[in-house]
Q: 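Got a structure for you, written out below as structure tokens; questions coming shortly.
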Amino acid sequence: MDKSVLQRRGPCKWELPAGESRRVPVVIFATEELLEEMDQKVLEQASNVASLPGIQKASFAMPDAHWGYGFPIGGVAAFDPEEGGVVSAGGVGFDISCGVRTLLTGLKKKDLLPKAEILADKLFEVIPAGVGSRGKIRLSPKEMDQMLLGGARWAVEQGWGRPEDLERIEEKGCMPGACPDAVSPEAKKRQEAEMGTLGSGNHYLEVQEVAEIYDPEIAKKFGLELGDIVVSIHCGSRGLGHQIGTDFLKKMVSAAASYGIQLPERELACAPLQSPLGREYLGAMRAGINCALANRQILTHLARKAFEEIFPGVELVLLYDVSHNTCKEEVHEINGKKKRVFVHRKGATRALGPGHPDLPKDLREAGQPVLIGGSMGTHSYILVGTDTSEELAFSSAIHGAGRAMSRHQATKLWKGREIIRELAERGILVRSVSERGVAEEAPKAYKDVSLVVEAAHRAGLAKKVARLDPLICVKG
DNA sequence: ATGTGC
């Protein structure tokens, strides 16, 4: 990125002032090094977002930001409905409520290693993965609507989990305000057999080791010790979320003119929060959030079954579940005034600081666990929300590394089989339905997640707690 | 990300 137009506001904070068509400044959080590597498109896209009606405070880009559809991935933007604020399908992303959850197992690495191969095989057997993968669950139209209304709470009621899991999920596992009627029949049809499936791309289920602890006090509160084995699941709302995105993008493109919104480009398609289309999208998107929460809950149930077979009596306890593709109604202090705004986080994680009332009681003092998924064969991180992130970026932080090259480029450079062998030599067992998928997800096809974590930590967006290293990776 | 796109 050409940083000559930016003003430095701190060691990890850069600003493009409001002006031209920008109603608010663009704020990029990054080290100088990450900023220089960042795609110029991030600044263009964040600047376009800054021109949308009703935007509050600033158009933000996180240290892991990269070029996305309309809004940058790693973008955060809040809109006030009273000031003509908008909601945008491209501002949420196609994989609605894609996110990460991490489960504690109580096992140590030495317990796991003798059974790692057999556990990898078992997990791969019970977790359907890959493009278009189908699970064992079939939802009738009535059940589909109940799932879209109830999220992970619905899944637990069906027997796929425990009530205490819900305490450790945003919105207690059920996003209010979902409207199944706003979800197209086609979207529902695509999801009929996809509950409890992992999908493809960078979605995974990993068995990981707590490899380093940076904040012993918080780690203890999270139940994390060095050498502990944890399970992380990264996936989203599958075909349903994707179809909702597709459907509403189309609707928002054709409606923008009728709402008198000047779009700097078509991909920024949006609708006023107070318009019928805006409300309809919010209802559908919230249903998509519930679909993702239910999906991760069912995958958790499947992982528990696999673990029970290999390690009888072992209990998988949910540490936390975060979403990183959402638009949520929240109260934030803006210019000294508490306001009700709609915060788009696209490839950005909510990161509530210590004491926030929305946190479960036993985590409130510590702050929200912020789960940062790595890519296959690389580190993942657990961070915690800070006191400063509310003021900095509506309590938001990074979500992961982000790609460094295209899928196509990656498949030219590597063969899946070789990647699997190299990872096995490093003690990482990969199970995947697609060798090409493995090549596309090669560790070096991604940016170094450690650098973006360091930048988020230094910027004050979230604080480092622990690093996780993969041992088993189940992929699509 | 996606019943992948060129």
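We use all heavy atoms of the structure for the numbers below, so side chains are in, but hydrogens, waters and symmetry mates are not. Proteins come first, then strands; the chains are lettered A, B, ... in the order of their sequence lines, and each starts at number 1.
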Q: In whole angstrom, give the distance that lies between atom CZ of A:R403 and atom P of B:dT4.
A: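 Computing the A:R403:CZ to B:dT4:P distance gives 18 Å.
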Q: Within this structure, what is the CZ-to-P distance between A:F248 and B:dT2, rounded to whole angstrom?
A: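 Atom CZ in A:F248 sits about 20 Å away from atom P in B:dT2.
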Q: Just verifying a value: how many Å separate A:T300 OG1 and A:L205 CG, rounded to the nearest 0.5 Å?
A: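 Interatomic distance, A:T300 OG1 to A:L205 CG, rounded to 0.5 Å: 8.5 Å.
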Q: Taking atom P of B:dC6 as reference, at what distance in whole Å does atom NE2 of A:H408 sit?
A: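 Going from NE2 in A:H408 over to P in B:dC6 covers 12 Å.
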Q: With under 30° as parallel and over 60° as perpendicular, where do the rings of A:H234 and A:H203 fit, or are they tilted in between?
A: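 Perpendicular, since the angle between the ring planes exceeds 60°.
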Q: Over how many whole Å does the gap from A:E435 atom CD to B:dT4 atom C1' extend?
A: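 Going from CD in A:E435 over to C1' in B:dT4 covers 18 Å.
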Q: What integer distance in Å separates A:H234:NE2 from B:dT2:C1'?
A: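 To the nearest whole Å, that distance equals 14 Å.
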Q: Rounded to whole Å, please give me the gap between CD in A:Q191 and P in B:dT2.
A: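 From A:Q191 CD to B:dT2 P: 10 Å.
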Q: Base, sugar-phosphate, or nothing: which does A:G201 touch, judged by heavy atoms less than 4.0 Å apart?
A: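 The answer is sugar-phosphate, as A:G201 gets under 4.0 Å only of primed atoms, P, OP1 or OP2.
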Q: If you look only at distance, which donor and acceptor atoms sit under 3.5 Å apart when one is on a side chain in residues 61-72 of chain A and the other is two or more places apart or in another chain?
A:
from: A:D64; atom 1: OD2; to: A:H399; atom 2: N; distance (Å): 2.9
from: A:D64; atom 1: OD2; to: A:H399; atom 2: ND1; distance (Å): 2.7
from: A:D64; atom 1: OD2; to: A:G400; atom 2: N; distance (Å): 3.0
from: A:H66; atom 1: ND1; to: A:D64; atom 2: O; distance (Å): 3.1

Q: Would you say a side-chain N or O of A:S200 is under 4.0 Å from OP1 or OP2 of B:dT2?
A: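 Checking A:S200 against B:dT2: at least one side-chain N or O falls below 4.0 Å of OP1 or OP2.
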Q: What is the distance, rounded to the nearest whole Å, between atom CZ of A:R407 and atom P of B:dC6?
A: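 It works out to 15 Å between those atoms.
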Q: Just call it for A:H203: base, sugar-phosphate, or nothing, with non-hydrogen atoms closer than 4.0 Å on any strand.
A: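 Since only primed, P, OP1 and OP2 atoms lie under 4.0 Å of A:H203, the category is sugar-phosphate.
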Q: For A:E440, answer base if it contacts any base atom (sugar-phosphate contacts may also be present), sugar-phosphate if it contacts only those atoms, and nothing otherwise; contact means non-hydrogen atoms under 4.0 Å.
A: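 Counting heavy atoms under 4.0 Å across all strands, no contact is made by A:E440.
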Q: Could you tell me the separation between the CD atom of A:E441 and the C1' atom of B:dT4, rounded to a whole number of Å?
A: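 Nearest whole value for this atom pair: 13 Å.
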Q: Does A:R238 place a side-chain N or O at less than 4.0 Å from the phosphate oxygens OP1/OP2 of B:dT2?
A: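 Affirmative; the distance criterion is met.
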Q: Identify each donor-acceptor pair in which a side-chain atom of residues 146-154 of chain A lies under 3.5 Å from a protein atom, sequence neighbours left out, and give them as a table.
A:
none

